[in-house]
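Working notes, structure below.
Position 1 is the first residue of the sequence, and the numbers go up from there.
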Amino acid sequence: MKSISEAFDSFSHALRLNTEHLIHAPALMKVDPQEAAGNLDLGLSAVLNGFHSIYDAAQASSQINFPWNKAAPTATLLAIRNARHHNHAHRIRSVETYFTRPRQGRVSGEFGLVTYGAGSPLEQRLFVQALSWQDVNELLNLPYRVTRLNAQRAQTINDYLGGNTLTSFAASWTQEIPVFFDMLPIITNAAKAAVRVLEPEVEVLSMEGREFLAHFKGVGEVDMAVQHFRLGTFEI
């Protein structure tokens, strides 16, 4: 098993690589949408698995006492990781996977996008990495024997993401549309919560590790209660 320092370093490398996929995604999507979707999927999975490695290392340490599966930011990120790892609820599809994987060729369709926090995040980023609310909702309603998510944890995740509002948004159109939520605040808040607890145990092993440790210490927590709704069209 990796140490906490090794796990955080791997997580930091995954974040850097995923950021590169996000930067290149708009151009690649026009040339090869399936490859772009695959790169984004692999990049996000690496980030999620990296965070789970931090969780595993922390669980093995007698110095760390943190309610990973009860605190909303970390419980949410770990649940999404486990769903993708165990192939539950369509592996919690991204926008790109939802529209490109069922078929080959160029596709289009309407979808809802939900972002979180103050300001106008859509104007500040070229590409938003978002996952399916309907898939997460399906996950939260699967039996405990399948997901190991008890009712309290499922409710915590639903409330944290604003599930009731997201479901109403999806149903508010003449024909219900797929709704996706921005993953960056989920990752940021979970990593910030982890760093707050783990920092004394983290030895910086790389430039990425140093930069992301400083980033998560300094960045503000995203207010998940502030939600922005937008109707978009996926077209390639």
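Across Gly209 and Ser12, no two heavy atoms sit closer than the pair CA-OG, 3.6 Å. Nearest heavy atom pair, residue Gly43 against residue Asn18, reads C-OD1, 3.2 Å. Closest heavy-atom contact between Val47 and Ala14: CG2-O, 3.6 Å. Taking each heavy atom of Pro26 and Leu22 in turn, the nearest pair found is CD-O, 3.4 Å. For Ala36 against Ala25, the heavy-atom pair with the smallest separation is CB-O, 4.4 Å. Across Ala89 and Glu138, no two heavy atoms sit closer than the pair CA-OE2, 3.6 Å.
With hydrogens and angles left out, the side-chain atoms of Ser10 and Lys2 include a donor and acceptor closer than 3.5 Å. Under the 3.5 Å distance criterion, with hydrogens and angles disregarded, no donor-acceptor pair is assigned to the side chains of Tyr98 and Asp135. Donor-acceptor pairing under 3.5 Å is recorded for the side chains of Ser94 and Thr97.
Note on Arg84 versus Asp41: salt bridge recorded, some NZ/NE/NH1/NH2 to OD/OE distance being below 4.0 Å. Using a 4.0 Å cut-off between a side-chain N of Lys or Arg and a carboxylate O of Asp or Glu, Lys192 and Glu221 do not qualify as a salt bridge.
Side chain of Ser172 to backbone of Phe169: a donor-acceptor contact under 3.5 angstrom is found. Checking side-chain atoms of Glu35 against main-chain N and O of Asp32 turns up no donor-acceptor pair under 3.5 Å. Remark: side-chain polar atoms of Asn87 are not paired, donor with acceptor, to backbone N or O of Ala83 under 3.5 angstrom. Using a distance-only test at 3.5 Å, with no hydrogens or angles considered, no donor-acceptor pair links the side chain of His90 to the main chain of Val136. Between the Asp182 side chain and the Val114 main chain, no donor and acceptor come within less than 3.5 Å of each other. Side chain of Glu201 to main chain of Ala58: no donor-acceptor pair is present (N/O by atom type, distance under 3.5 Å, no hydrogens or angles). In terms of modelled atom types and a separation under 3.5 Å, the side chain of Arg148 and the main chain of Arg145 share a donor-acceptor contact. With hydrogens and angles disregarded, no donor-acceptor distance shorter than 3.5 Å links the side chain of Asn158 to the backbone of Ala154. Side-chain atoms of Asn69 never come within 3.5 Å of backbone atoms of Ala75 as a donor-acceptor pair (strictly under, hydrogens ignored).
Within 6.0 Å of the CD atom in Glu176, the count of heavy atoms belonging to other residues, nucleotides or ligands exceeds 12. The neighbour count for Glu203 CD, taken as heavy atoms of other residues, nucleotides or ligands under 6.0 Å away, does not exceed 12. Within a 6.0 Å radius of CD in Glu20, other residues, nucleotides and ligands contribute more than 12 heavy atoms.
You'll find the side chain of Leu78 reaches within 4.5 Å of the side chain of Tyr55, heavy atoms only. Proximity of Gln59 to Trp68: side-chain heavy atoms (C-beta onward) are separated by under 4.5 Å at one or more points. Counting only heavy atoms from C-beta outward, the side chains of Trp133 and Phe180 never approach each other to under 4.5 Å. Contact annotation: the side chain of Val195 never approaches that of Val202 to less than 4.5 Å [non-hydrogen atoms, C-beta and beyond]. Proximity of Phe8 to Leu198: side-chain heavy atoms (C-beta onward) are nowhere separated by under 4.5 Å. Using a 4.5 Å cut-off on side-chain heavy atoms (C-beta onward), His13 and Arg16 make contact. With contacts defined as side-chain heavy-atom distances shorter than 4.5 Å, the pair Thr167/Val179 does not qualify. Side-chain atoms of Thr115 and Gln227, non-hydrogen and from C-beta on, never get closer than 4.5 Å to each other.
Note on Phe229 and Met224: same hydrophobic cluster, where clusters join Ile, Leu, Val, Met, Phe, Trp and Tyr whose side-chain heavy atoms are under 4.5 Å apart, directly or indirectly. Ile54 and Ile64 fall within the same hydrophobic cluster, defined by Ile, Leu, Val, Met, Phe, Trp and Tyr side-chain heavy atoms under 4.5 Å apart, directly or through other members. A chain of hydrophobic side-chain contacts below 4.5 Å, direct or via other Ile, Leu, Val, Met, Phe, Trp or Tyr residues, connects Leu131 to Ile177. Both Tyr160 and Leu149 belong to a single network of hydrophobic side chains, linked directly or stepwise wherever heavy atoms of I, L, V, M, F, W or Y lie under 4.5 Å apart. Both Val197 and Val204 sit in one connected hydrophobic cluster of ILVMFWY residues. Membership requires side-chain heavy atoms under 4.5 Å apart, directly or through other members.
Distance NE2/His52 to OG/Ser45: 13.0 Å, rounded to 0.5 Å. Within the model, atoms CG of Asn150 and NZ of Lys70 stand 8.5 Å from one another, a figure rounded to the nearest 0.5 Å. Taking CZ of Phe181 as the start and CG of Leu166 as the end, the distance is 8.0 Å to the nearest 0.5 Å. The structure places CD of Glu208 at 7.5 Å from CG of Asp9, a figure rounded to the nearest 0.5 Å. Annotation: the span from Met29 atom CE to Asn39 atom CG amounts to 9.5 Å, rounded to 0.5 Å. Here the CG-CZ distance, from Leu139 to Arg91, works out to 12.5 Å after rounding to the nearest 0.5 Å.
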- side-chain contact (heavy atoms from CB on, under 4.5 Å) between Asn49 and Phe11, worked out: CA-CA 8 Å; Asn49 288 333; Phe11 177 61; over 6 Å; no
- Task: Please test Ile80 against Ile157 for side-chain contact (heavy atoms from CB on, under 4.5 Å), starting from the C-alpha separation and ending with a verdict.
- Result: CA-CA 10 Å; Ile80 292 171; Ile157 295 169; over 6 Å; no
- Working for side-chain contact (heavy atoms from CB on, under 4.5 Å), residues Asn82 and Leu48: CA-CA 9 Å; Asn82 288 340; Leu48 295 171; over 6 Å; no
- Does the pair Arg196 and Phe66 meet the rule for a side-chain contact (heavy atoms from CB on, under 4.5 Å), with working shown? CA-CA 10 Å; Arg196 188 181 297 122; Phe66 180 71; over 6 Å; no
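Phe212 and Phe216 have parallel rings, their planes meeting at less than 30° on a 0 to 90° scale where 60° marks the start of perpendicular.
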